[in-house]
Amino acid sequence: MEIVLRAVVVFAFLFLVTRVVGRASLSEITPFELLIYVTMGDLIQQSVTQQDFSLTSAFLAVGVFALLTIGLSYTSWKWPRLRPLIRGTPVMLIRSGAVLDDVMRAQRLTMDDLLAAAREQGIRRLSDVDVAVLETDGKISFFQHQEASTSSDDSSGAADKPRASE
């Protein structure tokens with residue numbers, strides 16, 4: 001029973017740490033940082049099981065972590081009001097081409113990070129972006145201004161109507 005309690009405490013601690021560390025840094029970890037996290041997991045395992053190397057203790061600790069993960073997922077699905085607490089909420093980084101510096105600072109994102117994410121999606125200038133959103137998984141979604149000239153090419157509106165051959 002002690003292993004179960006230790007697993008719950010360590011799970012809660014890891015959940016808190018991942019929420020505090022932030023979305024962007026977790027989604028962009030380097031191979032070295034991944035190695036550090038794996039090593040940290042081994043150290044946590046020893047604290048959970050008190051260096052008990054029996055298979056029963058290992059299965060019990062992993063099982064508790066799995067059940068707690070499933071429990072958080074179920075809680076997020078069953079009670080939508082708790083979803084922002086468990087999964088976070090998307091955050092707007094750019095509005096009408098203007099970077100929201102206070103939000104960038106709060107999310108610990110640099111301008112270089114934002115520009116790199118924009119370049120990955122083929123965006124040359126942030127002024128072309130209507131809205132940019134930091135998603136809960138750490139990715140940044142960009143929505144560009146709608147081109148006013150797209151419908152001006154065909155003033156009759158025929159582009160909106162289905163063709164007979166379709």
Side-chain angles (χ1 to χ4, degrees), residues 4-49 58 61-153:
V4 171
L5 293 176
R6 287 173 168 269
V8 168
V9 169
V10 171
F11 181 88
F13 173 73
L14 289 174
F15 179 76
L16 178 66
V17 166
T18 56
R19 296 294 293 153
V20 169
V21 167
R23 293 175 271 216
S25 58
L26 286 176
S27 68
E28 300 169 357
I29 61 174
T30 65
F32 177 73
E33 291 168 328
L34 179 62
L35 183 61
I36 293 297
Y37 287 136
V38 169
T39 304
M40 198 169 57
D42 185 48
L43 296 173
I44 289 169
Q45 177 270 334
Q46 291 176 13
S47 70
V48 168
T49 61
V62 170
V64 169
F65 269 57
L67 287 174
L68 289 171
T69 302
I70 291 168
L72 281 177
S73 178
Y74 178 78
T75 300
S76 174
W77 170 77
K78 183 74 173 167
W79 294 284
R81 288 186 177 180
L82 294 177
R83 197 171 298 146
L85 178 66
I86 295 170
R87 298 211 174 148
T89 56
V91 179
M92 190 176 302
L93 301 173
I94 297 177
R95 180 182 298 134
S96 301
V99 176
L100 304 176
D101 292 323
D102 55 335
V103 177
M104 293 279 291
R105 199 174 311 109
Q107 297 298 320
R108 295 179 305 280
L109 275 173
T110 65
M111 185 59 75
D112 291 337
D113 295 334
L114 186 62
L115 290 169
R119 284 191 303 271
E120 287 175 2
Q121 295 190 25
I123 298 170
R124 296 180 186 192
R125 293 181 303 273
L126 293 181
S127 60
D128 294 339
V129 176
D130 186 31
V131 174
V133 177
L134 177 61
E135 304 293 351
T136 59
D137 63 359
K139 295 179 182 160
I140 301 175
S141 299
F142 293 91
F143 301 93
Q144 293 181 304
H145 297 287
Q146 292 294 336
E147 297 291 331
S149 62
T150 57
S151 62
S152 65
D153 294 342

Problem - Under 3.5 Å: donor-acceptor pair, side chain of Ser76, backbone of Leu72 - result: no

What distance separates [X] [atom1] from [Y] [atom2], expressed to the nearest 0.5 Å?
| X | Y | atom1 | atom2 | value |
| --- | --- | --- | --- | --- |
| Arg105 | Leu100 | CZ | CG | 11.0 Å |
| Thr75 | Ile70 | OG1 | CD1 | 11.5 Å |
| Ser73 | Arg83 | OG | CZ | 9.5 Å |
| Leu115 | Glu120 | CG | CD | 11.5 Å |
| Ile94 | Gln144 | CD1 | CD | 10.5 Å |

Which atom names give the shortest non-hydrogen contact between [X] and [Y], and what distance separates them?
| X | Y | result |
| --- | --- | --- |
| Met92 | Val103 | O-CG1, 3.3 Å |
| Ser141 | Phe143 | CB-CE1, 3.9 Å |
| Thr136 | Arg87 | CB-O, 3.5 Å |

Exercise for the section: Evaluate the side-chain proximity of Leu109 to Leu114: yes if any heavy-atom separation is below 4.5 Å, no if none is. Expected result: no

Handout entry: 4.5 Å side-chain heavy-atom contact, Ile140 and Leu134
Key = yes

Practice task
Kindly write out the residues that satisfy side chain to side chain contact (heavy atoms under 4.5 Å, CB included) with Arg81, not counting sequence neighbours, or none if the list is empty.
Solution key: none

Handout entry: Non-neighbouring partners of Asp112 that pass side chain to side chain contact (heavy atoms under 4.5 Å, CB included), sequence neighbours left out
Key = Thr110

Practice task
For Trp79, enumerate each residue passing the ring-ring contact (aromatic ring centres under 6.0 Å, His included) test, keeping only those at least two apart in sequence or located in another chain.
Solution key: none

Exercise for the section: Name all pairs fulfilling the ring-ring contact (aromatic ring centres under 6.0 Å, His included) condition that reach into residues 109-132, sequence neighbours left out, sorted by first residue then second. Expected result: none

Fill in the blank from the handout: Those residues at least two apart in sequence (or on a different chain) that pass side-chain hydrogen bond (donor to acceptor under 3.5 Å, both in side chains) with Ser127 are none

Completion exercise
salt bridge (charged side-chain N to carboxylate O under 4.0 Å, His left out) filter on Arg125, not counting sequence neighbours, yields Asp128

